[in-house]
2 protein chains.
Amino acid sequence: MTSEVALIERWRSLLASYNRVSGQLDRALQDRHALTLTEFETLDRLTIGDGEKRRMQDLAGDMHLSQSALSRTVDRLEKRGLVRRAMCEADRRGVFVAATEEGVRRHVEARRSYLAVLTEHLPPNATCG
Amino acid sequence: MTSEVALIERWRSLLASYNRVSGQLDRALQDRHALTLTEFETLDRLTIGDGEKRRMQDLAGDMHLSQSALSRTVDRLEKRGLVRRAMCEADRRGVFVAATEEGVRRHVEARRSYLAVLTEHLPPNATCG
DNA sequence: ACGCATCTTATGCGCTCGCATATAATCGGA
DNA sequence: TCCGATTATATGCGAGCGCATAAGATGCGT
């Protein structure tokens, strides 16, 4: 089947794009800012609004990450003082997470590298829905 | 910048496609065939021609996998009898890898699931170079 | 022939991940 | 009010990954 071959080629192409871009992002963020891509993305979610705190559950929703992995990512960020956990008084099962000032600073810096890598390595025709 | 937003959206879109498809592939292959996506892809490389043996280095080349990860993937496949390592006589640093008959059988079965998942979950407009 | 740089694969190590489960809080029905 | 089902987060555990390095083989210059 020609369609099968084409299907596989599209998948391989998607894989190649993903690996190239995520690899470059990971390396750049790690080398220049000591941040994992996952850590950066988490920080990114916490600085969209201004200092908006969000619940873990809420965060996990739009990140491609398991609940446990997110919990540990927040652990790591918290240990380095980039993020702060706070009780959620309305529902004491929940936990709020917010970026600290240092966290916001680090995010702003890292975002420059992030955008630079995307500009350089994200193929212009990558319209994948 | 509008272009920055568009850039990030394309990246997010690529990420979403990758995660959806690779997740579905992984689950299907694992549940129905007890194979990791990486293991399937390795097996796939070894059954393109007919029973063609290939060198580790050669394999690593077109897979998005570190040399050590490939070595261990071959370990796992070999332990289950799906793959066989053989000395490379011409250059005794090298190692040949070839799929066994059982490996070929398992690959043929798994490939059906693989194609089914791609057909169902790979977005038709995913032309990522 | 010898020694040293190079090349190929294997292995030690630490990291992040997901799954399963534990812990804690909430909610709803009897 | 009390108890079981449900929800939110944390944690034990094992798996796969990449980096650095070890171990083995080659090959070139002298």
Side-chain angles (χ1 to χ4, degrees), chain A residues 15 18-20 22-31 34-43 45-46 53-80 83-98, chain B residues 15 18-20 22-31 34-43 45-46 53-80 83-98:
Chain A
L15 254 183
Y18 168 79
N19 279 290
R20 176 167 27 80
S22 75
Q24 295 288 335
L25 281 175
D26 233 336
R27 225 161 305 146
L29 292 170
Q30 192 78 51
D31 292 353
L35 286 174
T36 297
L37 178 52
T38 294
E39 288 163 359
F40 173 80
E41 296 275 11
T42 303
L43 222 41
R45 283 349 185 252
L46 294 173
K53 58 192 176 185
R54 300 182 61 187
R55 293 185 54 156
M56 297 286 291
Q57 186 187 11
D58 183 21
L59 272 179
D62 61 355
M63 298 199 24
H64 306 285
L65 205 55
S66 72
Q67 177 268 320
S68 68
L70 175 62
S71 178
R72 289 185 218 265
T73 300
V74 171
D75 282 350
R76 294 193 298 273
L77 290 171
E78 193 174 31
K79 264 177 198 151
R80 286 184 266 165
V83 135
R84 199 174 40 241
R85 272 190 246 236
M87 280 303 124
C88 171
E89 299 173 7
D91 180 350
R92 286 165 44 187
R93 289 170 302 182
V95 172
F96 278 128
V97 189
Chain B
L15 254 182
Y18 168 79
N19 279 291
R20 175 166 29 81
S22 75
Q24 295 287 337
L25 281 175
D26 234 336
R27 224 160 306 147
L29 291 170
Q30 192 76 51
D31 292 353
L35 286 175
T36 297
L37 178 52
T38 294
E39 288 163 0
F40 173 80
E41 295 275 12
T42 303
L43 223 41
R45 284 348 187 251
L46 295 173
K53 57 192 177 188
R54 300 183 61 188
R55 295 185 52 158
M56 297 285 291
Q57 187 187 12
D58 183 20
L59 271 179
D62 61 354
M63 298 202 20
H64 306 285
L65 205 55
S66 72
Q67 178 267 319
S68 69
L70 174 62
S71 178
R72 289 184 219 265
T73 300
V74 171
D75 282 351
R76 294 194 298 274
L77 290 172
E78 192 175 31
K79 264 176 199 150
R80 285 184 268 164
V83 136
R84 199 175 41 241
R85 273 190 245 237
M87 281 301 125
C88 170
E89 298 174 8
D91 179 350
R92 285 167 42 187
R93 288 171 302 185
V95 171
F96 278 127
V97 188

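To find a chain, count down the sequence lines: A is the first, B the second, and so on, and within it residues start at 1.
Within the model, atoms OG1 of B:T38 and CG of B:L43 stand 12.0 Å from one another, a figure rounded to the nearest 0.5 Å. Taking CG of B:L35 as the reference point, atom CG of B:D26 lies at 10.5 Å (rounded to 0.5 Å).
Residues A:F96 and A:R55 come closest through the heavy atom pair CE2-CG, 3.4 Å. Taking every heavy atom of both residues into account, A:L59 and A:D62 meet most closely at O-OD1, 3.0 Å. In this structure, A:A98 and A:L46 approach most closely via the heavy-atom pair C-CD1, 4.4 Å.
The distance from atom CZ of A:R76 to atom C1' of C:dG14 is 13 Å, rounded to the nearest whole Å. Atom C1' of nucleotide D:dA15 and atom CG of B:L77 are separated by 15 Å, given to the nearest angstrom. A straight line from CG of A:L70 to C1' of C:dC19 spans 16 Å, rounded to a whole angstrom. Put simply, CG on B:D91 is 16 Å from P on D:dG24, counting in whole angstrom units. The separation between B:R93 atom CZ and C:dA5 atom C1' is 12 Å, rounded to whole Å. Here the C1' atom of nucleotide C:dA10 and the CD atom of B:Q57 are 15 Å apart, to the nearest Å. For the pair A:K79 NZ and C:dC15 P, the interatomic distance rounds to 10 Å; values are reported in whole Å. With rounding to whole Å, B:L25 atom CG is found 17 Å from C:dG18 atom C1'.
Of the N and O atoms on the side chains of A:T73 and A:R76, at least one donor lies less than 3.5 Å from an acceptor on the other residue.
Put simply, B:T73 has a side-chain N or O that comes within less than 4.0 Å of OP1 or OP2 on D:dC17. Side-chain N/O atoms of B:T36 include none lying less than 4.0 angstrom from OP1 or OP2 on D:dC17.
Between A:M56 and A:R27, it is A:M56 whose nearest contact on DNA chain D lies nearer the 5' terminus.
Side-chain atoms of A:R72 come within donor-acceptor range of the base of D:dG12, with a qualifying N/O pair under 3.5 Å. Looking at B:R92, its side chain has no donor and acceptor atom pair within 3.5 Å of the base of D:dG27.
DNA chain C lies under 4.0 Å from at least one heavy atom of each of the following residues of residues 59-69 of chain B: B:Q67, B:S68.
With hydrogens and angles ignored, the 3.5 Å screen pairs a side-chain donor or acceptor of A:S66 with a backbone N or O of A:A69.
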